Visitor: 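Dropping the structure in here first, questions after.
All figures in this text were calculated on a predicted structure; none of them were measured in a lab. All chains are named by letter (A, B, ...) in the order of the sequence lines, taking the proteins before the strands, and each is independently numbered beginning at 1. Only this structure's heavy atoms are used, side chains among them; waters, hydrogens and symmetry mates stay out.
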There are 2 protein chains.
Amino acid sequence: MLDVAILGLLMDRDHHGYEIRSQLRERLGVSANVSFGSIYPALARLERHGLVEAVAPGAPRAAAISTGSLAGERASLRSLRTSAGLGRRGRKVYRITERGRQEFHTLLADPTTVDDGKTFSLRVALARYLTPALRVRLLERRRQDLLERLAEVRQGADNPDLDAYARSVMSHAAHSVELDLEWIDDLLSIERSDSETFAHEAK
Amino acid sequence: MLDVAILGLLMDRDHHGYEIRSQLRERLGVSANVSFGSIYPALARLERHGLVEAVAPGAPRAAAISTGSLAGERASLRSLRTSAGLGRRGRKVYRITERGRQEFHTLLADPTTVDDGKTFSLRVALARYLTPALRVRLLERRRQDLLERLAEVRQGADNPDLDAYARSVMSHAAHSVELDLEWIDDLLSIERSDSETFAHEAK
DNA sequence: ATTCATCATATCACTTCGATATATCGACGA
DNA sequence: TCGTCGATATATCGAAGTGATATGATGAAT
């Protein structure tokens, strides 16, 4: 679901490929460094499908320059200079199209894809683009999946056929899933109190 | 690192492809269902490299039959019958070779590959095949990576540019990494107390 | 009897990864 | 001032993984 991630970043503002990689970590919480071997082909694909378009090299792009905070102590200095001057050599800045926006909402809400930890986190990070009802559906679906996984790893943690290391992995997986469940329950209770607030204000 | 996982399972006993998929979940704690589209090519690859070999269809394989506990309440009944009768149609059972064992130890201990959550868990699940010193190195390396990741997501959790959902993802990621760190510290303290026990007994 | 779920292997198109190549720019020291 | 180092930036390749789909055997249930 790299497509959703990229489109989600472009919903906010224009980006070029190199920047998307860092933004995935910084704004969407993606843990692995997504390789350029997936980002550039993905952008080409999205452009081919008319979901994004390249901004003309000379076009205004002041907002697309700031390089974020990960790059080190001199980042702010450098980014100031860069935004004052010209963009770098081959820099290709992409903008999301109207069709891209539609497709983004469809993909983000798509109920047929089963979430794993990564895609679920990604969807939550982009949850402001979902309706309250879709948010609740997303959370409850993941909750069910996690309950099943929990039963499985708890069984593994008690399995005397496994050695201490394998059992430890299972036991840690169980604790990790429990933490995930607490998080989801928190998010769900927030969704519910928000809708109460809304119902109250509607009176 | 599917190769290590498969070789690790075959260190214990012979397996066929279909069985490997369930064993990955049950014994090695792999959370995603690894697809057959990766397992069968991987087995073919390993056989091509001489790391595993197919046992003759009529060869003794009583130990390779039991189907595990996930298959439901009637599993034991069925497995009894199956082990009493013939093997299934195309079932191809693989055995690890001596070269395979060597390669397994090399891959498992390989210090050049950077672990993510999945490969690290996998290595811990197979940690009984590592020496105590290699286990400690594995754990401490991962510990360092997680400390860096923790700083990153904590920063994200406090980033006012992010909306509440994205910040929640970051904050949960931080808690999740903290849990991982506690686990690793537990494992490290066990390693240390084990080596003390050994030192004591050696006197 | 037939139909259904499970067991089992295999292959396909597409995506993703990791490595590598290429080039520019700014900073810093010799 | 020169060189080189690290960050910025795009691109491409082979290898590997995914999800879907096809095929077929076996045993259980109706």
Visitor: List every contact pair, protein side and nucleotides 18-21 of chain D side both N or O, where the distance is under 3.5 Å.
Guide:
unit_1 : atom_1 : unit_2  : atom_2 : d
D:dT18 : OP2    : B:Ser38 : OG     : 2.9

Visitor: Quick one: list whatever passes side-chain hydrogen bond (donor to acceptor under 3.5 Å, both in side chains) with B:Arg128, sequence neighbours left out.
Guide: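 B:Arg128 satisfies side-chain hydrogen bond (donor to acceptor under 3.5 Å, both in side chains) with A:Asp163, B:Asp12 once adjacent residues are dropped.
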Visitor: Figure out the NE2/C1' separation between A:His49 and C:dT15, and round it to whole Å.
Guide: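 For the pair A:His49 NE2 and C:dT15 C1', the rounded distance is 12 Å.
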Visitor: Does D:dA7 have OP1 or OP2 sitting under 4.0 Å from an N or O in the side chain of A:Arg21?
Guide: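 So the side chain of A:Arg21 is outside the cut-off, no N or O lying under 4.0 Å from OP1 or OP2 of D:dA7.
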Visitor: Does the side chain of B:Tyr40 get closer than 4.0 angstrom to OP1 or OP2 of C:dA10 through an N or O atom?
Guide: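 The answer is no; no side-chain N or O of B:Tyr40 sits under 4.0 Å from OP1 or OP2.
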Visitor: In whole angstrom, what separates B:Leu43's CG from C:dT11's C1'?
Guide: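 That distance rounds to 15 Å.
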Visitor: Is B:Arg143 salt-bridged to B:Asp185, cutoff N-O under 4.0 Å?
Guide: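 Counted as a salt bridge, because a side-chain N and a carboxylate O are separated by less than 4.0 Å.
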Visitor: When you measure from the side-chain N and O atoms of B:Tyr18 to the phosphate of C:dT9, is any distance below 4.0 Å, counting only OP1 and OP2?
Guide: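 Negative; the distance criterion is not met.
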Visitor: Over how many whole Å does the gap from A:His15 atom NE2 to D:dT10 atom P extend?
Guide: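 Computing the A:His15:NE2 to D:dT10:P distance gives 13 Å.
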Visitor: Does A:Arg91 put a side-chain nitrogen or oxygen below 4.0 Å from OP1 or OP2 of D:dA7?
Guide: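 So the side chain of A:Arg91 is outside the cut-off, no N or O lying under 4.0 Å from OP1 or OP2 of D:dA7.
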Visitor: Once salt bridge (charged side-chain N to carboxylate O under 4.0 Å, His left out) is applied, do any residues pair with A:Arg154, and if so which ones, sequence neighbours excluded?
Guide: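 With neighbours one apart ignored, the set is A:Glu178.
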Visitor: Could you go through A:Trp183 and B:Ser168, starting from their C-alpha distance and side-chain angles, then the distance that decides it, and tell me whether this counts as side-chain hydrogen bond (donor to acceptor under 3.5 Å, both in side chains)?
Guide: CA-CA 9 Å; A:Trp183 177 45; B:Ser168 177; 2.9 Å; yes
Visitor: Return the value, rounded to whole Å, for the distance between atom CD1 of A:Ile20 and atom P of D:dT8.
Guide: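 Answer to the nearest Å: 15 Å.
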Visitor: Could you state the CG-P distance from B:Asp3 to D:dA15, rounded to the nearest angstrom?
Guide: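 Taking atom P of D:dA15 as the reference, CG of B:Asp3 is at 14 Å.
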Visitor: Nearest whole Å is fine: how far is D:dT26 C1' from B:His16 NE2?
Guide: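 Computing the B:His16:NE2 to D:dT26:C1' distance gives 14 Å.
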Visitor: For B:Glu191, which residues count as a salt bridge (charged side-chain N to carboxylate O under 4.0 Å, His left out) partner, sequence neighbours excluded?
Guide: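 Counting only residues at least two positions away or on another chain, B:Glu191 forms a salt bridge (charged side-chain N to carboxylate O under 4.0 Å, His left out) with B:Arg135.
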Visitor: Atom NZ of A:Lys92 to atom P of C:dA23: distance rounded to whole Å?
Guide: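 Value for this atom pair: 17 Å.
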Visitor: What is the distance from CD of A:Glu19 to C1' of D:dT8, rounded to the nearest Å?
Guide: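 Checked: the CD to C1' distance equals 11 Å.
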Visitor: Output all residues satisfying salt bridge (charged side-chain N to carboxylate O under 4.0 Å, His left out) with B:Glu47, sequence neighbours left out; order by chain, then residue number.
Guide: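 Once residues adjacent in sequence are excluded, B:Glu47 has no partner under the salt bridge (charged side-chain N to carboxylate O under 4.0 Å, His left out) criterion.
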Visitor: Please tabulate, one pair per line, all N/O donor-acceptor pairs under 3.5 Å involving side-chain atoms of residues 30-40 of chain A, not counting sequence neighbours.
Guide:
unit_1  : atom_1 : unit_2  : atom_2 : d
A:Ser35 : OG     : A:Gly37 : N      : 3.3
A:Ser35 : OG     : A:Ser38 : N      : 3.4
A:Ser35 : OG     : A:Ser38 : OG     : 3.2
A:Ser38 : OG     : A:Ser35 : O      : 2.9

